[in-house]
Novice: 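Sharing a structure, written as structure tokens. Questions coming.
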Amino acid sequence: MTLGVSVVNRGSNTWRDASLFVLRLAVGTTFIVHGYPKLFPSGTAGFAGFLQNLGFPIPGTFAWIVSIVEFFGGMAMILGLLVRYVGALMTIEMVVTSTKVKMAHGTGFVGARGAGWELDFLLLAIALALLLAGAGALSLDAVLLGGRRRATIPRPGTTG
């Protein structure tokens, strides 16, 4: 491996961690903004009514679950706390939102009035990427794991 490639690879973890932070910040902020009005100031009753009108079973329970995932999951994403678990919950929520709410009611990828399921698709993709990649070094997950590191596959040309 040449010196130039070695220098690029050495810095790539820094860029990867910064990129993961940007993704966490984007998805976390978006989820918080959507979750806050479902929880505050009057609780989940209005959202539960919306879910009931859509035909969801146990709408009160689902309203609480979705609201907590969005608001507190969004905060956890920004902080980098339990990112893989929160990413899994957000991925599930976005699959359900896209398929059972938007697509099931005839909303296109870009809706006729501008509100399609394209945002849901982007949030799903980011949440899934974070589920797969983890939080990165700039996170509470990294701090709390301390010295425990996952086994990594050595890069070609190195011994591990």
Side-chain angles (χ1 to χ4, degrees), residues 8-9 11-40 44 47-48 50-51 54-146 148-156 160:
V8 170
N9 286 338
S12 65
N13 283 341
T14 302
W15 290 110
R16 177 187 177 276
D17 293 328
S19 298
L20 291 171
F21 174 72
V22 169
L23 291 174
R24 290 191 348 253
L25 184 63
V27 77
T29 301
T30 304
F31 269 83
I32 289 169
V33 167
H34 285 266
Y36 181 85
K38 292 177 177 103
L39 286 172
F40 307 106
T44 61
F47 183 54
F50 173 72
L51 293 176
L54 291 174
F56 276 82
I58 53 172
T61 302
F62 277 118
W64 275 106
I65 292 169
V66 168
S67 301
I68 288 169
V69 166
E70 288 183 0
F71 187 73
F72 294 105
M75 289 195 297
M77 270 295 181
I78 290 171
L79 296 171
L81 181 63
L82 302 172
V83 165
R84 286 200 158 111
Y85 299 107
V86 174
L89 294 172
M90 289 178 170
T91 298
I92 292 166
E93 181 184 340
M94 290 297 93
V95 167
V96 171
T97 300
S98 296
T99 59
K100 300 293 184 191
V101 177
K102 303 272 178 96
M103 291 178 199
H105 292 90
T107 304
F109 187 72
V110 177
R113 289 178 275 164
W117 52 274
E118 73 279 2
L119 176 61
D120 304 324
F121 178 74
L122 286 172
L123 294 173
L124 183 148
I126 295 170
L128 183 59
L130 291 166
L131 164 64
L132 296 172
L138 305 173
S139 67
L140 285 179
D141 282 353
V143 171
L144 295 174
L145 289 175
R148 291 189 306 168
R149 294 199 180 264
R150 292 184 322 177
T152 58
I153 299 169
R155 283 185 261 159

Novice: Could you list the donor-acceptor pairs under 3.5 angstrom formed between side-chain atoms of residues 68-76 and any protein atom two or more places apart in sequence or on another chain?
Specialist:
unit_1	atom_1	unit_2	atom_2	d
Glu70	OE1	Gly35	N	3.3
Glu70	OE1	Lys38	NZ	2.7
Glu70	OE2	Lys38	NZ	3.4

Novice: What is the distance from atom OG1 of Thr97 to atom CD1 of Ile92, rounded to the nearest 0.5 Å?
Specialist: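 Spacing of OG1 (Thr97) from CD1 (Ile92) equals 11.5 Å.
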Novice: Go through the structure and list residues passing side-chain hydrogen bond (donor to acceptor under 3.5 Å, both in side chains) with Thr30, not counting sequence neighbours.
Specialist: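 Partners of Thr30 under the side-chain hydrogen bond (donor to acceptor under 3.5 Å, both in side chains) test: none.
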Novice: Is there a side-chain contact between Leu54 and Lys100 (heavy atoms, below 4.5 Å)?
Specialist: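 In short, these two side chains do not touch, never coming nearer than 4.5 Å.
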Novice: Output all residues satisfying ring pair (Phe, Tyr, Trp, His ring centres under 6.0 Å) with Trp117, sequence neighbours left out; order by chain, then residue number.
Specialist: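 Residues passing ring pair (Phe, Tyr, Trp, His ring centres under 6.0 Å) with Trp117: Phe109.
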Novice: Of Leu23, Leu25, Val27, Ile126, which meets side-chain contact (heavy atoms from CB on, under 4.5 Å) against Met77?
Specialist: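 Exactly one pass, corresponding to Val27.
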Novice: Under 3.5 Å, is there a donor-acceptor pair between the side chain of Ser139 and the main chain of Ala142?
Specialist: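 Checked: pair present.
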Novice: Provide the closest heavy-atom pair for Ala48 versus Gly60 in the form atom of the first, atom of the second, distance.
Specialist: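 So the minimum-distance heavy-atom pair works out to CB-CA, 3.9 Å.
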Novice: So, does Asp141 use its side chain to make a donor-acceptor pair with the main chain of Val83 at under 3.5 Å?
Specialist: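 Checked: pair present.
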Novice: Less than 4.5 Å apart, side chain to side chain, heavy atoms only: is that true for Pro57 and Phe62?
Specialist: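 They are in contact (side-chain heavy atoms under 4.5 Å apart), so the answer is yes.
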Novice: Would you confirm whether Arg24, through its side chain, and Leu138, through its main-chain N or O, come within 3.5 Å as a donor-acceptor pair?
Specialist: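 Checked: pair present.
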Novice: Any side-chain heavy atom of Tyr85 sitting closer than 4.5 Å to one from Leu89?
Specialist: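 Sidechains of Leu89 and Tyr85: no contact.
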Novice: Heavy-atom distance under 4.5 Å between the side chains of Ile32 and Ile78, does that happen here?
Specialist: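 Yes. Closest side-chain heavy atoms under 4.5 Å.
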Novice: Measure the OG1-CD distance between Thr107 and Glu118 for me, rounded to the nearest 0.5 Å.
Specialist: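 The CD atom of Glu118 is 10.0 Å from OG1 of Thr107, to the nearest 0.5 Å.
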Novice: Is a donor on one side and an acceptor on the other found under 3.5 Å between the side chain of Arg84 and the backbone of Ala133?
Specialist: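 It does hold such a pair.
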Novice: Starting from the C-alpha separation in whole Å, work towards a yes-or-no answer on side chain to side chain contact (heavy atoms under 4.5 Å, CB included) for Lys102 and Phe121.
Specialist: CA-CA 11 Å; Lys102 303 272 178 96; Phe121 178 74; over 6 Å; no
Novice: Between Val66 and Glu93, which heavy-atom pair has the shortest distance, and what is it?
Specialist: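 Reported closest heavy-atom pair: CG1-OE2, 3.4 Å.
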Novice: Would you confirm whether Asp17, through its side chain, and Ala137, through its main-chain N or O, come within 3.5 Å as a donor-acceptor pair?
Specialist: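 Side chain of Asp17 to backbone of Ala137, a donor-acceptor pair under 3.5 Å: yes, one is there.
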Novice: To check you understand the geometry: which heavy-atom pair defines the closest contact between Ser98 and Asp120, and what is its length?
Specialist: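 That closest heavy-atom pairing would be OG-CB, 3.2 Å.
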Novice: Apply side chain to side chain contact (heavy atoms under 4.5 Å, CB included) to the pair Phe56 and Val96, showing each step before the final yes or no.
Specialist: CA-CA 11 Å; Phe56 276 82; Val96 171; 3.9 Å; yes
Novice: Test Leu144 against Leu81 for side chain to side chain contact (heavy atoms under 4.5 Å, CB included), laying out the working first.
Specialist: CA-CA 9 Å; Leu144 295 174; Leu81 181 63; 3.7 Å; yes
Novice: Where is the tightest heavy-atom contact between Phe47 and Ser67, given as atom of each residue plus distance?
Specialist: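 Looking at all heavy atoms of both residues, the closest pair is CD2-OG, 4.1 Å.
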Novice: How long is the span from the CG atom in Leu123 to the CG atom in Leu128, to the nearest 0.5 Å?
Specialist: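 Atom-to-atom, Leu123:CG and Leu128:CG are 12.5 Å apart.
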